[in-house]
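Take a look at the structure set out below.
Note that the coordinates shown come from a computational prediction; the quantities given were computed from them, not determined experimentally. What you see below is based on every heavy atom in this structure, not just the backbone, and it leaves out hydrogens, waters and symmetry mates.
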Amino acid sequence: MKIIKTSVICSFALLFLIGAVGLCFAAPQKTAPAKKAPAGISAAEPTRDTRTLFGHDVEGLAPVSIVWATDATFGTLGDACAVSFKKLVEAESKGKIKIDLHRFGSLYRGNDIPKVLPIGTIQMGGIHKGNLMTREMGYAPWIIGYIWKSPEHLLAVPTSAEWYEMEERLAKDKWNIKPLALSCVGNWDYFSKTPFKSMKDFGGKKVWSYGELANAYIGAWGGTPVMKSTSEMFMAYYQGALEVIGMIRIGILDYKLYEGGKYWVNIPVYPPRSMGIHYAANYMNRDKWNSLPTAYKKIILDASDLMSWVGTWEIMSQDEMAWYRLQHQYKMTDCAISTKYPKEYEKIKAAAVEAGKKFLLKRGVAEQQWNEAQAFLAKYADPKITSRYSWWYKLAWAEADRRLADVQKSLKEGKSWEEAYKPYLFKNMYDWDVERIKKEWSAVPRVKWEWNEATRLQ
């Protein structure tokens, strides 16, 4: 579950998974994702970001260096985007901004970043809200799982002005960090060694957990939570020490966890065919941010916005391809709780939310905090609001269908699974020059941040 963690140690399990696994999504080598998007902007797309980015005047400004640490592995979306971001920012600043990029956890691993970023040992890094909750429980009511009403709900909420006000206030007061842009994570789910038909099937099962909040969910479903590091997960699942594990579909593929169990439970933490754009973000040390001239801040924000939507687009575009391979090459079965047994899915979600609320109140979240956040989330679930974001999902789902069809066509032509998926490997991006990065990234459809520009530059 891409949900809330309760300690730095527990948070690391999920952070590692997303950094090293969940970001192994593909960018087409032959066809840019957004080329299927309409050339013109429809009047029915009032939430589409049509800004012209970059072109900021850096004449006379002194050079600066920004230390950025990431532990994403080679060939993943996270690493490829970091390399591209570096090229783009350095080129747009005419070499005056140097991104001192430390990759593959060579400087700090993901669980170290919340420790070193606030004090300025490094100046830029990605953090999950679960890590931030170790010092500020105020994040909790905003990001708890199983509450989202539609895919569009997950865009309407974090792109709102109120969301950014919360991000800015909490990151500043307790963490001394500046939110740059959000980073998407895939849709968390459960996978099992045996079939599932209802919540009762969790009864007595040994279920992988990353921490106390996950323990609350699993316990509410009747399972027995078992905490294991990600490095222990494969053997524990393969040998039966774990009977149910949490993961995203691409993670099941990348870690070969299909060898331990063949059943996808299908109880996604977010609505099907959506993702968690609200749960993680790239941040900068606030002291470093305050020291930068406005032109440099604008360049970094422009590049951050592009990177955010590229990541979101790619996750949406790759998810169905990952499941197709799991189902047809590795013979996994969809238990289809969310589609075949919707009443059970609603029961599972309700139990998780109630257990999560009790846990958060126990950990110090005030009832008023919970109620205010839930009222805000409910406000943005209104179909009058969410319908304004449907255009983006239509484009993303169409692109996902196109990519899957392309893979299926390649397989029918006799290509291997590896050959069929090769055009969509993100390591293809490493060879892009700055002009291609800018062109391809700018072509990806973006949803408008309703975030106050002056506040973003503060």
Side-chain angles (χ1 to χ4, degrees), residues 15-29 32-34 49 53-54 66-93 97-108 110 113 122-128 179-186 248 250-251 254 275-277 279-284 299-319 396 399 423-447 449:
L15 182 64
F16 174 80
L17 287 174
I18 297 170
V21 181
L23 298 181
C24 299
F25 298 93
Q29 189 176 32
D49 182 8
L53 304 178
F54 301 116
I66 298 170
V67 180
W68 183 11
T70 172
D71 65 355
T73 55
F74 180 81
T76 64
L77 177 58
D79 186 58
C81 281
V83 171
S84 297
F85 180 95
K86 170 182 168 69
K87 291 179 183 179
L88 187 55
V89 168
E90 291 181 347
E92 286 297 322
S93 66
I97 301 175
K98 178 186 177 184
I99 302 295
D100 185 9
L101 179 61
H102 297 262
R103 301 159 64 193
F104 317 135
S106 60
L107 185 61
Y108 293 107
I113 292 174
I122 63 171
Q123 288 95 46
M124 187 172 169
I127 305 177
H128 291 252
L180 302 176
L182 299 174
S183 300
C184 184
V185 296
I248 59 178
I250 194 67
D254 287 348
M275 81 312 253
I277 192 174
Y279 186 74
N282 283 325
Y283 296 90
M284 183 174 286
I299 290 170
I300 290 168
L301 288 178
D302 284 355
S304 296
D305 287 351
L306 287 183
M307 184 169 65
S308 175
W309 289 110
V310 166
T312 306
W313 178 260
E314 285 301 318
I315 288 177
M316 288 294 296
S317 299
Q318 297 294 351
D319 197 48
E399 177 62 12
Y424 298 98
L425 295 177
F426 239 104
K427 64 183 180 181
N428 298 328
M429 192 187 294
Y430 290 129
D431 295 328
W432 292 2
D433 60 20
V434 171
E435 288 307 310
R436 183 168 182 187
I437 293 168
K438 191 173 181 179
K439 178 182 177 182
E440 302 283 357
W441 282 22
S442 297
V444 169
R446 306 190 304 269
V447 176
W449 306 121

To the nearest 0.5 Å, what is the distance between [atom1] ([X]) and [atom2] ([Y])?
{"X": "M284", "Y": "I122", "atom1": "CE", "atom2": "CD1", "answer": "10.5 Å"}
{"X": "M316", "Y": "I277", "atom1": "CE", "atom2": "CD1", "answer": "10.5 Å"}
{"X": "D319", "Y": "I248", "atom1": "CG", "atom2": "CD1", "answer": "8.0 Å"}
{"X": "L101", "Y": "D79", "atom1": "CG", "atom2": "CG", "answer": "7.5 Å"}
{"X": "L77", "Y": "I315", "atom1": "CG", "atom2": "CD1", "answer": "6.5 Å"}
{"X": "E440", "Y": "W432", "atom1": "CD", "atom2": "CH2", "answer": "4.5 Å"}

TODO: Just jot down the side-chain hydrogen bond (donor to acceptor under 3.5 Å, both in side chains) partners of Q123, sequence neighbours excluded, or say none.
DONE: none

- [ ] Apply side-chain hydrogen bond (donor to acceptor under 3.5 Å, both in side chains) to K87 and list each qualifying residue two or more places apart in sequence or on a separate chain.
- [x]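 side-chain hydrogen bond (donor to acceptor under 3.5 Å, both in side chains) check on K87 returns nothing, list empty.
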
Would you check if the side chain of [X] reaches a backbone N or O of [Y] as a donor-acceptor pair within less than 3.5 Å?
{"X": "S106", "Y": "H102", "result": "no"}
{"X": "S442", "Y": "K439", "result": "no"}
{"X": "N428", "Y": "L425", "result": "yes"}
{"X": "D305", "Y": "A181", "result": "no"}

Would you name the heavy atoms of [X] and [Y] that are closest together and state the gap between them?
{"X": "I113", "Y": "G125", "answer": "CG2-CA, 4.2 Å"}
{"X": "C81", "Y": "V310", "answer": "SG-CG1, 4.3 Å"}
{"X": "A80", "Y": "M429", "answer": "O-SD, 3.7 Å"}
{"X": "R446", "Y": "L306", "answer": "NH1-CD2, 3.5 Å"}
{"X": "G110", "Y": "D71", "answer": "N-OD2, 2.9 Å"}
{"X": "S84", "Y": "W441", "answer": "CB-CZ2, 3.4 Å"}

Results of ring pair (Phe, Tyr, Trp, His ring centres under 6.0 Å) for [X] - residues two or more places apart only:
{"X": "F74", "result": "Y430"}
{"X": "W449", "result": "W309, W451"}
{"X": "F85", "result": "W68"}

Considering only heavy atoms from C-beta outward, does the side chain of [X] approach that of [Y] to under 4.5 Å?
{"X": "I300", "Y": "I66", "result": "yes"}
{"X": "L180", "Y": "L301", "result": "yes"}
{"X": "V83", "Y": "R103", "result": "yes"}
{"X": "D254", "Y": "T76", "result": "no"}
{"X": "E92", "Y": "K438", "result": "yes"}

TODO: Check salt bridge (charged side-chain N to carboxylate O under 4.0 Å, His left out) between D302 and all other residues, then give those that pass, not counting sequence neighbours.
DONE: none

